[in-house]
Participant: 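Sending over a structure as structure tokens; questions will come in a sec.
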Amino acid sequence: MTTTASTTAPVADARALGLAHYAARGVLEHVLARHGITFQQQIALRAAVNADAPQAPDDLVTQVRGSLKADPADIHATLDELLAKRLLVADGAYLRPTDAGRELLAAIGAETAPVTARIWGGIPAEDLAAAGRVLSLVAERANAELAALTT
């Protein structure tokens, strides 16, 4: 009688999620460091670039806080850093990305695209769909828990 070794896929849990997040973020942070920008700066700059119109600083802080759950004072400091780097510019009461800010995000995107393709490539669509559903549910529940803790 022959037995075959079976591999059991690990169960998704908070640790697995964290390990995947930090592994992928580590790759991104290597690229960001070469461009002289931090992870939080990149998130804030991306929020400004993807906005339909120039944003008030508090609106950008709200968007970034929704993504990173960071302290608003830290996010305001990040916006100040982006202004000092001339990646954002004040336009009256609003902030808008500069051409240099847009070009930086494009360069980061071009540099990370092949790495992203290698990381995500070959994962079956049904696995990605299942993971997407689970991650959305986890984020929804964690956001609800965080809201309950902060009110």
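The figures that follow rest on heavy atoms only: side chains count, while hydrogens, waters and symmetry mates do not.
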Participant: Would you mind writing out the side-chain donor-acceptor pairs for residues 79-90 within the sub-3.5 Å range, not counting sequence neighbours?
Facilitator:
from : atom 1 : to  : atom 2 : distance (Å)
E81  : OE1    : Q41 : NE2    : 2.7
K85  : NZ     : G36 : O      : 2.6

Participant: For E103, which residues count as a side chain to side chain contact (heavy atoms under 4.5 Å, CB included) partner, sequence neighbours excluded?
Facilitator: D99
Participant: Going by the rule side chain to side chain contact (heavy atoms under 4.5 Å, CB included), which residues pair with D74 if we only count those two or more places apart in sequence or in a different chain?
Facilitator: Q40, D71
Participant: Does R34 have any side chain to side chain donor-acceptor pair (under 3.5 Å) partners at least two apart in sequence or in another chain, and if so, which?
Facilitator: E111
Participant: Identify the two heavy atoms, one from S67 and one from I43, that lie closest to each other, and give their separation to 0.1 Å.
Facilitator: CB-CG2, 4.4 Å
Participant: Considering residues at least two apart in sequence or located in another chain, which fulfil the side chain to side chain donor-acceptor pair (under 3.5 Å) criterion with D58?
Facilitator: H76
Participant: Using side chain to side chain contact (heavy atoms under 4.5 Å, CB included) as the criterion, list what pairs up with L28, not counting sequence neighbours.
Facilitator: L32, F39, Q42, I108, T112
Participant: If hydrophobic residues (ILVMFWY) are linked whenever their side-chain heavy atoms come closer than 4.5 Å, directly or via other members, who joins W120 in its cluster?
Facilitator: V27, V115, I119, I123, L128
Participant: What's the separation between atom CG in D91 and atom OG1 in T98, rounded to the nearest 0.5 Å?
Facilitator: 12.0 Å
Participant: Restricting to side chain to side chain contact (heavy atoms under 4.5 Å, CB included), what partner residues turn up for V138, sequence neighbours left out?
Facilitator: L17, V134
Participant: What distance do N50 atom CG and L105 atom CG have between them, rounded to the nearest 0.5 Å?
Facilitator: 8.0 Å
Participant: Determine the minimum heavy-atom distance between V64 and A47, stating which atoms define it.
Facilitator: CG2-CB, 4.4 Å
Participant: Can you list every pair that meets side chain to side chain donor-acceptor pair (under 3.5 Å) and has a residue in residues 124-139, with sequence neighbours left out?
Facilitator: none
Participant: In this structure, are over 12 heavy atoms from other groups packed under 6.0 Å from H30 atom NE2?
Facilitator: no
Participant: Could you identify which residues cluster with Y94, counting Ile, Leu, Val, Met, Phe, Trp and Tyr as linked when any side-chain heavy atoms lie under 4.5 Å apart, either directly or through a chain of such contacts?
Facilitator: none
Participant: Which residues end up grouped with V11 if you chain together Ile, Leu, Val, Met, Phe, Trp and Tyr wherever their side-chain heavy atoms are less than 4.5 Å apart?
Facilitator: none
Participant: Just verifying a value: how many Å separate Q63 CD and L60 CG, rounded to the nearest 0.5 Å?
Facilitator: 5.5 Å
Participant: Working to the nearest 0.5 angstrom, can you tell me the gap between T78 OG1 and I37 CD1?
Facilitator: 10.0 Å
Participant: Quick check for you: to the nearest 0.5 Å, what is the distance between H21 atom NE2 and L135 atom CG?
Facilitator: 12.0 Å
Participant: May I have the list of side-chain donor-acceptor pairs in residues 144-151 shorter than 3.5 Å, sequence neighbours left out?
Facilitator:
from : atom 1 : to   : atom 2 : distance (Å)
T150 : OG1    : L146 : O      : 3.0
T150 : OG1    : A147 : O      : 3.3
T151 : OG1    : A147 : O      : 3.0

